[in-house]
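Single-structure report; data block below.
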Protein chains: 2
Amino acid sequence: MTSKLTAAAERLFDRHGYVATGVDRLTEAAGMSSRTLYKHAGSKAELMARVLTERDRRFMARIEVRTVDALFAALEDWVRVEGCRGCLFLRSRAETGGDTPEIAEAVALHKEAFHRRVGEVVAMDLGREDPALAEQVLVLFEGATHAAVYRGAQTVSAARAAAAILMERARS
Amino acid sequence: MTSKLTAAAERLFDRHGYVATGVDRLTEAAGMSSRTLYKHAGSKAELMARVLTERDRRFMARIEVRTVDALFAALEDWVRVEGCRGCLFLRSRAETGGDTPEIAEAVALHKEAFHRRVGEVVAMDLGREDPALAEQVLVLFEGATHAAVYRGAQTVSAARAAAAILMERARS
DNA sequence: ACGAATGTACAACGATCGTTTTACATTGCA
DNA sequence: TGCAATGTAAAACGATCGTTGTACATTCGT
């Protein structure tokens, strides 16, 4: 019941935006009364935070990989499943101007974890730490995600190819 | 008077989001009555479209360059002046789910122009067309813009360095 | 000097916002 | 069997939304 709410909320927030999605649309999609929604979620902002935390779990599980190439392969899968609408975390933070603490915190936690993971994958793939290279890979990942909004999923393969070149150069 | 409105609106939309910014906050910041705002702008959505068109002009003027390196130098200047809040175009489109025609159209026009410009710069710099390389440069640009939201302006120099490597490799 | 244009302040429009209240039905454990 | 717990529907809360109407002041070209 709680998971149905979270799933429905994620879909609506992702497709129409956090602010633009009213509570009545959430209750309708989740098939529950507003009373029950508030008992479960506390508030709309807490619901969004819950959505983000849940999405973070799903996303981070998908990028549990050992190579940079697999990182972008995972992103290809992700956009195939989730579509190309940019990063929900950055979008919801931007929508609220960072003024909603629950949301800002969930986003910060996710982006910290993501940054750490990229660093780890680059280190594993390369055999040594390389923070500068990791930052470039992160930029390619984020760029593929956002450019895909108007350029389509091809941006992910472009980023993948670019990352391969950077990795190859760092190895030799 | 119209330009003061547009400037004030851009600032508020950029910092707090399109939906979250009410008309009364716009009138207050622009120092005019709501009646006058609507005479000038027509509607809130049209005002946002005007803001985006104006921003497109300012942005495109800044990336009138001849080399890929200068492209990222221009982005460094841009984020120094405008801050790191991601791409206003993609954000406003996402906020409205693409359901507001005036906004969706302004965004589409800007992104088309931007994509074309990147292709031109890569071609000039390289001496020949290279659409695949241009796509990678575009991904780096977009990635620097969005990663900068949580990683800071350093992402731009990371992207700049990565682009230099890709360009060098394409030249030899 | 005068009428059109353009500005203002301000109340009000109906709609919708997030949230809570009221009153009632169903379930499950003691 | 009965009392919590948990659900429902529906109305209402005050606030705010984008937008418009009313009534009055200022500026400006002729």
Side-chain angles (χ1 to χ4, degrees), chain A residues 1-53 88 91-106, chain B residues 1-53 88 91-106:
Chain A
M1 183 115 280
T2 278
S3 73
K4 186 184 175 189
L5 168 61
T6 307
E10 179 174 3
R11 183 167 208 280
L12 288 172
F13 287 150
D14 186 37
R15 290 186 135 75
H16 305 290
Y18 167 67
V19 183
T21 302
V23 173
D24 49 351
R25 282 214 272 175
L26 293 167
T27 59
E28 191 188 4
M32 62 175 53
S33 69
S34 64
R35 201 70 177 74
T36 309
L37 186 148
Y38 276 91
K39 189 148 290 186
H40 282 0
S43 70
K44 191 190 172 189
E46 285 179 69
L47 174 58
M48 180 44 131
R50 200 180 301 258
V51 163
L52 292 176
T53 303
L88 180 61
R91 276 189 281 141
S92 44
R93 202 183 99 113
E95 267 201 77
T96 57
D99 298 333
T100 310
E102 304 96 318
I103 295 176
E105 190 189 3
Chain B
M1 183 116 277
T2 279
S3 72
K4 186 185 176 187
L5 168 61
T6 307
E10 178 174 3
R11 181 166 210 281
L12 288 173
F13 287 151
D14 185 38
R15 291 188 133 76
H16 306 290
Y18 167 68
V19 183
T21 301
V23 173
D24 48 351
R25 282 213 274 176
L26 293 167
T27 60
E28 191 188 4
M32 62 174 55
S33 69
S34 65
R35 212 69 180 75
T36 309
L37 184 147
Y38 276 91
K39 189 146 290 184
H40 281 2
S43 70
K44 190 189 173 190
E46 285 179 71
L47 175 56
M48 180 45 131
R50 200 180 300 260
V51 163
L52 292 177
T53 304
L88 180 60
R91 274 189 283 143
S92 42
R93 202 182 99 112
E95 266 200 76
T96 57
D99 298 334
T100 310
E102 306 95 317
I103 295 177
E105 190 188 3

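Proteins come first, then strands; the chains are lettered A, B, ... in the order of their sequence lines, and each starts at number 1. Computation of the quantities below employed the complete heavy-atom set of this structure, encompassing side-chain atoms and omitting hydrogens, waters and symmetry-equivalent molecules.
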Identify whether any heavy atom of S43(A) sits under 4.0 Å from a base atom; if not, whether one sits that close to sugar-phosphate; answer base, sugar-phosphate or nothing. sugar-phosphate

Taking any heavy-atom pair under 4.0 Å as a contact, classify G42(B): base, sugar-phosphate, or nothing. nothing

Gap between atoms [atom1] and [atom2], on [X] and [N] respectively (whole Å):
{"X": "H16(A)", "N": "dT16(C)", "atom1": "NE2", "atom2": "C1'", "answer": "17 Å"}
{"X": "I103(B)", "N": "dG18(D)", "atom1": "CD1", "atom2": "P", "answer": "12 Å"}
{"X": "K4(B)", "N": "dG7(C)", "atom1": "NZ", "atom2": "P", "answer": "13 Å"}
{"X": "K44(A)", "N": "dT16(C)", "atom1": "NZ", "atom2": "P", "answer": "15 Å"}
{"X": "M32(B)", "N": "dA9(C)", "atom1": "CE", "atom2": "P", "answer": "11 Å"}
{"X": "K39(A)", "N": "dT8(D)", "atom1": "NZ", "atom2": "P", "answer": "11 Å"}
{"X": "L37(B)", "N": "dT6(C)", "atom1": "CG", "atom2": "P", "answer": "16 Å"}

Taking the side chain of Y38(B) as its heavy atoms from C-beta onward, which of dG18(C), dG7(D), dT20(D) lies nearest to it? dT20(D)

dT8(D), dG18(C), dA9(C): which one has an atom nearest the side-chain heavy atoms of S33(B)? dA9(C)

Point-to-point distance, once rounded to the nearest 0.5 Å, from OG1 of T21(B) to CG of L12(B): 5.5 Å

Value for CD (E95(B)) from CD (E95(A)), rounded to nearest 0.5 Å, stands at 4.5 Å

Hey, is the side chain of H40(B) poking within less than 4.0 Å of OP1 or OP2 on dG7(C), counting only N and O atoms? yes

Close residues, residues 17-25 of chain A, relative to DNA chain C [heavy-atom separation under 4.0 Å]: T21(A), G22(A), V23(A), D24(A)

Does S34(B) make a side-chain donor-acceptor contact with the base of dT20(D), cut-off 3.5 Å? yes

N/O donor-acceptor pair, side chain R35(B) with base dG7(C), under 3.5 angstrom: no

I'd like to check [X] versus [Y] (side-chain heavy atoms, cut-off strictly below 4.5 Å). Are they in contact?
{"X": "R91(B)", "Y": "Y18(B)", "answer": "no"}
{"X": "F13(B)", "Y": "L52(B)", "answer": "no"}
{"X": "M32(B)", "Y": "K4(B)", "answer": "no"}
{"X": "R50(B)", "Y": "H40(B)", "answer": "no"}

Considering all heavy atoms of both residues, which atom of A20(B) and which atom of V19(A) are nearest to each other, and what is their separation? N-CG1, 4.5 Å

